[in-house]
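Per chain, numbering begins at 1; letters A, B, ... match sequence-line order. No hydrogens, no waters, no symmetry mates; every other heavy atom, side chains included, goes into these values.
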Number of protein chains: 2
Amino acid sequence: MQISSKFTIGVHLLAVIDYLGEDEKVTSNVLAGSIGVNPVIVRNVMGNLKEAGLISISQGRSGIALAKKPDQITFYDVYKAVDSVNDDGLFHFHENPNPECPIGKNIHKAMDSKLDRVQKCMEDEMRQITLADVMTDIQSELKKD
Amino acid sequence: MQISSKFTIGVHLLAVIDYLGEDEKVTSNVLAGSIGVNPVIVRNVMGNLKEAGLISISQGRSGIALAKKPDQITFYDVYKAVDSVNDDGLFHFHENPNPECPIGKNIHKAMDSKLDRVQKCMEDEMRQITLADVMTDIQSELKKD
DNA sequence: CCGCCTGTAATATACCACATTACAGGCAAA
DNA sequence: TTTGCCTGTAATGTGGTATATTACAGGCGG
């Protein structure tokens, strides 16, 4: 199992928007070219990021721009924006434990809070990482040339 | 996306084995009955847990038993045993970033260590939770009746 | 030796991620 | 205001994966 690539696509997207800034025209086709996926996928992710208030999109001969500063955009924001994990949570619980069995009857209650704790731990860590951190690392790679 | 139910099945499995202990005969059919899934799934998970050294299985008119004490079996052990997450990691990275693009060329390098950090955080939290914790909660639910 | 149980392969099904085509609608520039 | 690019989105295809199910070979204990 893996978290959908929509998440990494989202971060990549934001990085390109930040990098090309207001100088160059950024379109879903340009982005799709850099990311290496279909433009429709990009437009969908763009829509998610827009709904979440991370970017602004003006139609027509368009302009896409960050709606927040890079250090105000965290991995968690992107992760939530693109619905990386559904409402049932990170862990898929088997759906039919036997209520006639003392374990089956209570396993859900006994595990849920623990699984939530694990998921929350992961999400809290994602809140610590920002787009600015990614840009810093990209810049320092670029300087090596 | 969600982590396969094989993980929760694995924990459920261990809980039943611990609960029914050495008194009653525990078979894949009994387990499947409590868990509410097909016996073959149970046997596969059993195999995983056996390989990982968490349970012992003797064939024939069989006996299944925990190979460690409940407080020595963590969620992480089960999670690893059933291959909840493949070797590529928790996050599925888009596979064809454009090497001609300054961002596409470096996005992988810039994000990998951060994603690893997130995953490791989750796994560390799982190491803190044991089968014994689950059994404690189940027991206290049972006492409510 | 008989019967129950595990190990495992083969097959089916349903769902999901991602790709692709197509087109309607909007904004901006000319 | 018209034209052309671009976004929003629906419809469809496809491959991969999770789980179910049937079937059977092999092993151990009674």
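Spacing between atom CD1 of A/Ile64 and atom C1' of D/dT7 amounts to 8 Å, rounded to whole angstrom units. Atom pair A/Met46:CE and D/dT7:P shows a separation of 5 Å (rounding to whole Å applied). Rounded to an integer number of Å, the gap from A/Ile57 CD1 to D/dT9 P is 10 Å. What separates CG of A/Asp88 from C1' of C/dC16 is a distance of 14 Å, to the nearest Å. The nearest whole Å value for the distance from the CD1 atom in B/Ile17 to the P atom in C/dC5 is 15 Å. Between the CG atom of B/Asn96 and the P atom of C/dC18 there is a distance of 12 Å, rounded to whole Å.
Contact check, A/Lys50 against D/dT7: no side-chain N or O comes under 4.0 Å of OP1 or OP2. Close to D/dT21, at under 4.0 Å from its OP1 or OP2, lies a side-chain N or O of B/Asn38. Taking 4.0 angstrom as the limit, A/Ser28 places none of its side-chain polar atoms (N or O) nearer than this to OP1 or OP2 of D/dC6. One finds no side-chain N or O of A/Lys25 lying less than 4.0 angstrom from the OP1 or OP2 phosphate oxygen of D/dC5.
With salt bridges taken as basic N to acidic carboxylate O contacts below 4.0 Å, none links B/Asp83 and B/Lys6.
B/His94 pairs by the ring-ring contact (aromatic ring centres under 6.0 Å, His included) definition with A/His12, not counting sequence neighbours. Contacts of A/Phe93 classified as ring-ring contact (aromatic ring centres under 6.0 Å, His included), with partners at least two apart in sequence or in another chain: A/His108. Judged as a side chain to side chain contact (heavy atoms under 4.5 Å, CB included), and not counting sequence neighbours, the contacts of B/Ser28 are B/Pro39, B/Val42, B/Arg43, B/Met46. Qualifying ring-ring contact (aromatic ring centres under 6.0 Å, His included) partners for A/Phe7, counting only residues two or more places apart in sequence or in other chains: A/Phe75, B/Phe91.
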Pairs under 3.5 angstrom only: tabulate donor-acceptor contacts from the side chains of residues 115-124 of chain A to other protein residues two or more places apart or in another chain.
from	atom 1	to	atom 2	distance (Å)
A/Arg117	NE	B/Glu125	OE2	2.9
A/Gln119	OE1	A/Leu90	N	2.9
A/Gln119	NE2	A/Glu123	OE2	3.0
A/Lys120	NZ	A/Asp124	OD2	3.1
A/Glu123	OE2	A/Tyr79	OH	2.7
A/Asp124	OD1	A/Arg127	NE	3.3
A/Asp124	OD1	A/Arg127	NH2	3.1

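Each of A/Asn44 and B/Pro39 was matched to the nucleotide of DNA chain D holding its nearest heavy atom; the match closer to the 5' end belongs to A/Asn44.
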Legend entry - Per-nucleotide protein contact string for nucleotides 14-19 of chain D, where B marks a base within reach and S marks sugar-phosphate only (heavy atoms under 4.0 Å, - for neither): ----SS
